[in-house]
Amino acid sequence: MFDYDSRIAVGVSGGKDSNALLDVLNGIEEDFPRSELIAISIDEGVEGYRDEALELAEKATRKMGVEHLTLSFRELFDITMDEIARIETNMTPCSYCGVLRRRALDQAAKMVNADRLVTGHTLDDMAQSVLLNILRGDINRLSNFDPGGRSLPGFVRRVKPFCEVPERESTLYAYLRKIEFQDIPCPYAGEAMRNDIRQFLNMMEVERPGTLFTVFRIGLKLASEKKDVEKKGICKLCGEPTTGDVCRVCQMLEDLT
Ligand code: SF4
Ligand code: ZN
(Lines give C-alpha, C1' and ligand atoms only; values in the text may rest on other atoms or scores of the structure.)
(Ligands and ions follow the chains in the order given, each with its own letter.)
Protein backbone atom coordinates (compact mmCIF):
# COMPACT_ATOMS: atom_id res chain seq x y z
CA MET A 1 0.00 0.00 0.00
CA PHE A 2 2.87 2.39 0.80
CA ASP A 3 6.46 3.08 -0.18
CA TYR A 4 9.17 3.90 2.35
CA ASP A 5 9.05 7.54 1.28
CA SER A 6 5.29 8.02 0.70
CA ARG A 7 3.75 11.37 1.44
CA ILE A 8 0.48 10.23 2.98
CA ALA A 9 -2.65 12.33 3.30
CA VAL A 10 -4.92 10.80 5.94
CA GLY A 11 -8.59 11.68 5.72
CA VAL A 12 -9.58 12.50 9.29
CA SER A 13 -13.25 13.07 10.08
CA GLY A 14 -13.04 13.20 13.87
CA GLY A 15 -14.76 9.80 14.10
CA LYS A 16 -13.28 6.74 15.76
CA ASP A 17 -12.02 4.93 12.66
CA SER A 18 -10.05 7.74 11.07
CA ASN A 19 -8.68 8.99 14.41
CA ALA A 20 -7.57 5.43 15.26
CA LEU A 21 -6.01 5.04 11.80
CA LEU A 22 -4.08 8.29 12.15
CA ASP A 23 -2.76 7.09 15.52
CA VAL A 24 -1.66 3.73 14.06
CA LEU A 25 0.02 5.33 11.03
CA ASN A 26 1.70 7.96 13.18
CA GLY A 27 3.29 5.17 15.24
CA ILE A 28 4.46 3.25 12.16
CA GLU A 29 5.71 6.36 10.37
CA GLU A 30 8.31 6.99 13.09
CA ASP A 31 10.25 4.01 11.70
CA PHE A 32 10.22 5.49 8.19
CA PRO A 33 11.92 8.89 8.41
CA ARG A 34 11.53 9.60 4.69
CA SER A 35 7.75 9.19 4.79
CA GLU A 36 5.39 11.99 5.82
CA LEU A 37 1.87 12.16 7.23
CA ILE A 38 -0.54 15.04 6.71
CA ALA A 39 -4.09 14.97 8.04
CA ILE A 40 -6.84 16.31 5.79
CA SER A 41 -10.43 16.98 6.83
CA ILE A 42 -13.48 17.87 4.79
CA ASP A 43 -16.09 20.21 6.22
CA GLU A 44 -19.30 19.24 4.44
CA GLY A 45 -21.20 21.98 6.23
CA VAL A 46 -23.48 20.04 8.58
CA GLU A 47 -24.13 22.38 11.48
CA GLY A 48 -24.01 20.89 14.96
CA TYR A 49 -22.31 17.75 13.66
CA ARG A 50 -19.26 18.28 11.50
CA ASP A 51 -18.10 21.38 13.38
CA GLU A 52 -17.80 19.35 16.59
CA ALA A 53 -16.07 16.48 14.75
CA LEU A 54 -13.56 18.86 13.18
CA GLU A 55 -12.63 20.26 16.58
CA LEU A 56 -11.86 16.70 17.72
CA ALA A 57 -9.87 16.05 14.56
CA GLU A 58 -7.88 19.24 15.14
CA LYS A 59 -7.26 18.27 18.76
CA ALA A 60 -6.07 14.78 17.77
CA THR A 61 -3.72 16.04 15.06
CA ARG A 62 -2.27 18.72 17.34
CA LYS A 63 -1.62 16.14 20.05
CA MET A 64 0.19 13.90 17.55
CA GLY A 65 2.06 16.80 15.99
CA VAL A 66 0.65 16.09 12.53
CA GLU A 67 0.05 18.92 10.05
CA HIS A 68 -3.68 19.37 9.38
CA LEU A 69 -5.55 20.89 6.41
CA THR A 70 -9.32 21.44 6.34
CA LEU A 71 -11.18 22.07 3.11
CA SER A 72 -14.91 22.83 2.93
CA PHE A 73 -17.70 22.11 0.46
CA ARG A 74 -18.38 25.86 0.57
CA GLU A 75 -14.85 26.64 -0.66
CA LEU A 76 -14.88 23.98 -3.35
CA PHE A 77 -18.48 23.81 -4.55
CA ASP A 78 -20.01 27.00 -3.13
CA ILE A 79 -22.72 24.99 -1.34
CA THR A 80 -22.99 23.16 1.98
CA MET A 81 -24.66 19.86 2.84
CA ASP A 82 -27.25 21.70 4.92
CA GLU A 83 -28.16 23.74 1.84
CA ILE A 84 -28.25 20.65 -0.38
CA ALA A 85 -30.50 18.85 2.11
CA ARG A 86 -33.03 21.70 1.90
CA ILE A 87 -33.35 21.35 -1.90
CA GLU A 88 -36.09 18.95 -3.01
CA THR A 89 -34.63 16.18 -5.13
CA ASN A 90 -35.22 12.46 -5.45
CA MET A 91 -31.82 11.64 -3.99
CA THR A 92 -30.77 11.43 -0.34
CA PRO A 93 -28.29 13.95 1.10
CA CYS A 94 -25.75 11.13 1.47
CA SER A 95 -25.85 10.40 -2.27
CA TYR A 96 -24.58 13.94 -2.90
CA CYS A 97 -22.25 13.98 0.05
CA GLY A 98 -20.49 10.76 -0.93
CA VAL A 99 -19.63 11.99 -4.42
CA LEU A 100 -18.66 15.53 -3.37
CA ARG A 101 -16.56 14.37 -0.42
CA ARG A 102 -14.68 11.93 -2.62
CA ARG A 103 -13.74 14.81 -4.92
CA ALA A 104 -12.94 17.08 -1.98
CA LEU A 105 -10.59 14.53 -0.43
CA ASP A 106 -8.80 14.07 -3.73
CA GLN A 107 -8.43 17.86 -4.11
CA ALA A 108 -7.13 18.23 -0.56
CA ALA A 109 -4.62 15.41 -1.09
CA LYS A 110 -3.39 17.13 -4.26
CA MET A 111 -3.07 20.45 -2.39
CA VAL A 112 -0.66 18.88 0.10
CA ASN A 113 1.22 17.06 -2.69
CA ALA A 114 0.42 13.64 -1.30
CA ASP A 115 1.01 10.48 -3.31
CA ARG A 116 -1.35 8.42 -1.14
CA LEU A 117 -4.80 9.28 0.14
CA VAL A 118 -5.69 7.12 3.10
CA THR A 119 -9.18 6.71 4.51
CA GLY A 120 -10.39 4.90 7.63
CA HIS A 121 -12.86 2.57 5.90
CA THR A 122 -13.23 -0.58 7.95
CA LEU A 123 -14.26 -4.09 6.96
CA ASP A 124 -17.84 -3.13 7.84
CA ASP A 125 -17.74 -0.13 5.46
CA MET A 126 -16.23 -2.23 2.69
CA ALA A 127 -18.84 -5.00 3.00
CA GLN A 128 -21.63 -2.38 3.06
CA SER A 129 -20.30 -0.83 -0.15
CA VAL A 130 -20.25 -4.19 -1.92
CA LEU A 131 -23.84 -4.99 -0.97
CA LEU A 132 -24.98 -1.43 -1.69
CA ASN A 133 -23.68 -1.58 -5.25
CA ILE A 134 -25.13 -5.05 -5.82
CA LEU A 135 -28.56 -4.05 -4.51
CA ARG A 136 -28.54 -0.91 -6.66
CA GLY A 137 -27.73 -3.08 -9.66
CA ASP A 138 -24.55 -1.08 -10.16
CA ILE A 139 -21.93 -3.80 -10.26
CA ASN A 140 -19.73 -1.82 -12.67
CA ARG A 141 -18.92 0.57 -9.84
CA LEU A 142 -17.21 -2.31 -8.08
CA SER A 143 -14.38 -1.96 -10.59
CA ASN A 144 -13.09 0.70 -8.16
CA PHE A 145 -13.27 -1.69 -5.23
CA ASP A 146 -9.57 -1.92 -4.56
CA PRO A 147 -8.36 -1.31 -0.96
CA GLY A 148 -4.71 -1.14 -2.05
CA GLY A 149 -5.57 1.52 -4.61
CA ARG A 150 -4.16 2.05 -8.06
CA SER A 151 -2.21 4.92 -9.56
CA LEU A 152 -4.77 6.32 -12.00
CA PRO A 153 -3.97 9.43 -14.03
CA GLY A 154 -5.48 12.53 -12.41
CA PHE A 155 -6.18 10.91 -9.02
CA VAL A 156 -4.18 10.53 -5.85
CA ARG A 157 -3.91 6.81 -5.11
CA ARG A 158 -6.55 5.88 -2.52
CA VAL A 159 -5.60 3.35 0.11
CA LYS A 160 -7.73 1.74 2.83
CA PRO A 161 -5.44 0.10 5.40
CA PHE A 162 -8.33 -0.83 7.76
CA CYS A 163 -10.21 -2.72 5.02
CA GLU A 164 -9.92 -6.00 6.91
CA VAL A 165 -10.32 -4.51 10.39
CA PRO A 166 -13.84 -4.96 11.81
CA GLU A 167 -15.32 -1.72 13.12
CA ARG A 168 -15.63 -3.12 16.62
CA GLU A 169 -11.83 -3.59 16.68
CA SER A 170 -11.06 -0.04 15.59
CA THR A 171 -13.52 1.18 18.23
CA LEU A 172 -11.81 -0.94 20.87
CA TYR A 173 -8.41 0.40 19.77
CA ALA A 174 -9.68 3.98 20.09
CA TYR A 175 -10.97 3.30 23.62
CA LEU A 176 -7.79 1.54 24.71
CA ARG A 177 -5.62 4.36 23.36
CA LYS A 178 -7.95 6.92 24.97
CA ILE A 179 -8.51 8.61 21.61
CA GLU A 180 -11.30 11.16 21.69
CA PHE A 181 -13.81 10.86 18.87
CA GLN A 182 -17.25 11.98 17.88
CA ASP A 183 -19.89 9.33 18.42
CA ILE A 184 -23.12 11.08 17.45
CA PRO A 185 -24.43 10.24 13.97
CA CYS A 186 -24.84 12.77 11.20
CA PRO A 187 -28.46 14.05 11.12
CA TYR A 188 -28.81 12.88 7.50
CA ALA A 189 -27.49 9.35 8.05
CA GLY A 190 -30.91 7.85 8.78
CA GLU A 191 -32.15 8.45 5.24
CA ALA A 192 -29.36 6.48 3.61
CA MET A 193 -29.80 2.99 2.17
CA ARG A 194 -26.42 2.20 3.68
CA ASN A 195 -28.03 2.42 7.09
CA ASP A 196 -30.42 -0.45 6.30
CA ILE A 197 -27.57 -2.49 4.85
CA ARG A 198 -25.46 -1.83 7.94
CA GLN A 199 -28.22 -3.16 10.19
CA PHE A 200 -28.72 -6.22 7.99
CA LEU A 201 -25.00 -7.05 7.88
CA ASN A 202 -24.61 -6.53 11.63
CA MET A 203 -27.47 -8.92 12.24
CA MET A 204 -25.96 -11.47 9.84
CA GLU A 205 -22.52 -11.12 11.42
CA VAL A 206 -24.01 -11.95 14.83
CA GLU A 207 -26.04 -14.90 13.47
CA ARG A 208 -23.37 -16.10 11.06
CA PRO A 209 -19.90 -14.82 12.00
CA GLY A 210 -17.68 -14.32 8.98
CA THR A 211 -20.38 -12.76 6.80
CA LEU A 212 -18.53 -9.44 6.57
CA PHE A 213 -15.34 -11.10 5.33
CA THR A 214 -17.31 -13.19 2.83
CA VAL A 215 -19.05 -10.13 1.37
CA PHE A 216 -15.71 -8.26 1.27
CA ARG A 217 -14.12 -11.11 -0.70
CA ILE A 218 -17.07 -11.20 -3.11
CA GLY A 219 -16.34 -7.50 -3.76
CA LEU A 220 -12.68 -8.24 -4.53
CA LYS A 221 -13.65 -11.05 -6.89
CA LEU A 222 -16.22 -8.96 -8.75
CA ALA A 223 -13.77 -6.06 -8.96
CA SER A 224 -11.09 -8.21 -10.56
CA GLU A 225 -13.58 -9.26 -13.25
CA LYS A 226 -14.66 -5.66 -13.89
CA LYS A 227 -11.24 -4.01 -14.23
CA ASP A 228 -11.24 -3.77 -18.00
CA VAL A 229 -14.65 -2.07 -18.37
CA GLU A 230 -13.20 1.29 -17.28
CA LYS A 231 -12.91 4.02 -19.88
CA LYS A 232 -11.37 7.29 -18.73
CA GLY A 233 -11.81 10.73 -20.24
CA ILE A 234 -11.76 14.32 -19.02
CA CYS A 235 -14.81 16.22 -17.78
CA LYS A 236 -15.51 19.05 -20.20
CA LEU A 237 -16.67 21.30 -17.34
CA CYS A 238 -14.07 20.87 -14.61
CA GLY A 239 -11.23 18.97 -16.29
CA GLU A 240 -11.21 16.15 -13.75
CA PRO A 241 -11.02 12.52 -14.92
CA THR A 242 -14.36 10.88 -15.69
CA THR A 243 -15.85 8.01 -17.64
CA GLY A 244 -18.31 10.20 -19.59
CA ASP A 245 -18.32 13.75 -21.01
CA VAL A 246 -19.31 15.39 -17.71
CA CYS A 247 -18.23 14.05 -14.31
CA ARG A 248 -20.68 13.06 -11.59
CA VAL A 249 -19.72 16.07 -9.45
CA CYS A 250 -20.56 18.57 -12.21
CA GLN A 251 -23.78 16.71 -13.05
CA MET A 252 -24.86 16.90 -9.43
CA LEU A 253 -23.97 20.58 -9.03
CA GLU A 254 -25.91 21.39 -12.22
CA ASP A 255 -28.96 19.47 -10.97
CA LEU A 256 -28.88 21.45 -7.73
CA THR A 257 -28.98 24.86 -9.39
FE1 SF4 B 1 -22.45 13.02 4.46
FE2 SF4 B 1 -24.42 11.24 4.76
FE3 SF4 B 1 -22.10 10.92 6.04
FE4 SF4 B 1 -23.76 12.87 6.75
S5 SF4 B 1 -24.14 10.64 6.89
S6 SF4 B 1 -21.54 13.07 6.51
S7 SF4 B 1 -24.61 13.50 4.78
S8 SF4 B 1 -22.43 10.86 3.82
ZN1 ZN C 1 -16.64 17.89 -13.82
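In this text, all values refer to a predicted model and were calculated from it rather than measured experimentally. Numbering of ligands and ligand atoms starts at 1, following listing order.
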Point to revise | Salt bridge present between Arg116 and Asp3 (N-O < 4.0 angstrom) | key: yes
Practice item. Kindly identify the option in Arg50, Arg101, Arg194, Glu44 whose heavy atom sits closest to atom 3 (Fe) of ligand 1. Key: Arg101
Exercise for review: Please confirm whether Tyr96 and Phe77 have ring centers closer than 6.0 angstrom.
Suggested key: no
Check your understanding: Which angle, to 10 degrees, forms at the Zn ion (ligand 2) with SG of Cys247 on one side and SG of Cys250 on the other?
Key -> 110°
Review point. Among all protein non-hydrogen atoms, which one is nearest to atom 4 (Fe) of ligand 1, and what is the separation to 0.1 Å?
Key: Cys186 SG, 2.3 Å
Exercise for review: Work out the angle at the Zn ion (ligand 2) between SG of Cys238 and SG of Cys235, rounded to 10°.
Suggested key: 110°
**Study point:** Residues Asp23, Arg177: salt bridge by 4.0 Å N-O rule
**Key:** yes
**Study point:** Closest protein heavy atom (residue, atom, distance) for atom 1 (Fe) of ligand 1
**Key:** Cys97 SG, 2.3 Å
Point to revise | 2.8 Å cut-off met by an N, O or S atom of Cys94 to atom 1 (Fe) of ligand 1 | key: no
Practice item. Flag the pair Asp78 and Arg74 as a salt bridge only when some basic side-chain nitrogen lies within less than 4.0 angstrom of an acidic carboxylate oxygen. Key: yes
Review point. Can Glu240 and Lys110 be counted as an ion pair, charged N to O under 4.0 angstrom?
Key: yes
